[in-house]
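Counting starts at 1 for both ligands and their atoms, in listed order.
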Amino acid sequence: MSETITYSDRYTPDSRDQLLTKISRQLKPARFEHVQRVEATAIKLAKQYGVNVEKASIAGLIHDYAKQRPDKDFIDAIHRYKLDPDLVNWNNAIWHGVVGAELIKTELGIFDEEIIDAVRFHTTGNRYMTKLAQIIYMADYIEPARDFDGVEKARLLTSQNLALAVAYQTKHTLMYLLTNNQRIYPKTIDTYNAWVPQSGLEN
Ligand code: GDP
Ligand code: FE
Ligand code: FE
């Protein structure tokens, strides 16, 4: 990655290199490359939208930290951290952000609430998302290796209007899930109601 920034000790006890090493131990190469592309995309957006670049870097790198953990780790964590008991009825797609956020606090010593929320909400979105959370949500969707119908529209919207881009992703992910008869996580519906109907999004 061309973008390399030096971390203060405000948000993570590790240097960027140390953090990369820890993340690389958790992820297969393809996923490790994805998180570095999300980081680079998030840094660009942070500069554009006046968001803390160090937080964008950290959140981008750690957002999928828990993606390749066995289900058992998530079930254990749901009990250990007394998270919403309904979470046990979901799966890795939902757990790796919502429950992964707790594993990150414990294992990486990253406690900044805004960074942790950005991880927590990166898959489903949330009614309330800070600009940082919106950036991670979008960077994950549009990083350069993403290739799906609509990604160019998503990239254009992200460069023009972050909230409209969040609305676009939220709507299109929900449509995709419905088309494929997937179960909809209730928070995903909350995100839709908060971001799409009044957004002015056209399609
Ligand atoms: P990734 O971790 O970089 O692959 O990307 P995400 O964390 O954004 O997405 C993980 C998966 O969760 C994707 O396949 C989404 O379609 C899926 N997903 C998002 N919202 C929901 C939901 O409400 N229900 C279900 N079943 N899956 C969802
Ligand atoms: Fe993810
Ligand atoms: Fe991701």
Undergrad: Polar-atom distance check: Trp90 versus ligand 1, any N or O pair below 3.5 Å?
TA: no

Undergrad: Flag His122 as yes if one of its N/O/S atoms falls below 2.8 Å of the Fe ion (ligand 3), otherwise no.
TA: no

Undergrad: Let me check your reading of the structure: within less than 2.8 Å of the Fe ion (ligand 2), is there an N/O/S atom from Asp140?
TA: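 Short answer: no, not a single N, O or S atom is under the cut-off.
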
Undergrad: Distance under 4.0 Å to a non-hydrogen atom of Asp140: what atoms of ligand 1 satisfy this?
TA: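 Answer, ordered by atom number: 3 (O), 5 (O), 6 (P), 7 (O), 8 (O).
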
Undergrad: Hey, is ligand 1 close enough to Asn91 that some N/O pair sits below 3.5 Å?
TA: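 Checking ligand 1 against Asn91, no N or O pair falls under 3.5 Å apart.
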
Undergrad: Are any of the side-chain nitrogens in Glu102 or Lys82 under 4.0 Å away from the carboxylate oxygens of its partner?
TA: no

Undergrad: Do you know which N/O/S atom name in Asp64 is closest to the Fe ion (ligand 2)?
TA: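 Nearest N/O/S atom of Asp64: OD1.
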
Undergrad: Would you say the rings of His63 and His96 are close, in the sense that their centroids are separated by under 6.0 Å?
TA: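 Between His96 and His63, the centre distance exceeds or equals 6.0 Å.
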
Undergrad: Measuring to protein heavy atoms, does anything land under 4.0 Å from atom 22 (C) of ligand 1?
TA: yes

Undergrad: Using a strict 4.0 Å threshold on nitrogen-to-oxygen distance, state whether Glu107 and Arg69 make a salt bridge.
TA: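 Salt bridge: yes.
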
Undergrad: Flag Thr173 as yes when one of its N or O atoms lies below 3.5 Å from any N or O atom of ligand 1, and as no otherwise.
TA: no

Undergrad: Go through ligand 1 atom by atom and flag the ones less than 4.0 Å from a non-hydrogen atom of Arg31.
TA: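 Counting atoms of ligand 1 from 1, those under 4.0 Å from Arg31 are 1 (P), 2 (O), 3 (O), 4 (O).
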
Undergrad: Does some non-hydrogen atom of Glu143 fall short of 4.0 Å from ligand 1?
TA: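 No.
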
Undergrad: For Asn89 and Asp86, test the side chains for any donor-to-acceptor distance below 3.5 angstrom and give the result as yes or no.
TA: yes

Undergrad: Can you confirm whether some protein heavy atom lies under 4.0 Å from atom 7 (O) of ligand 1, or whether none does?
TA: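 Under 4.0 Å from atom 7 (O) of ligand 1, at least one protein heavy atom found.
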
Undergrad: Give a yes/no verdict on whether any heavy atom in His34 is under 4.0 Å from an atom of ligand 1.
TA: yes

Undergrad: With a 6.0 Å cut-off on ring centres, are His172 and Tyr176 close enough?
TA: no

Undergrad: Which atom name would you report as the N, O or S atom of His63 nearest the Fe ion (ligand 3)?
TA: NE2

Undergrad: Is there a path of hydrophobic side-chain contacts, each under 4.5 Å between heavy atoms of I/L/V/M/F/W/Y residues, joining Val119 to Val38?
TA: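 Each belongs to a different hydrophobic cluster.
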
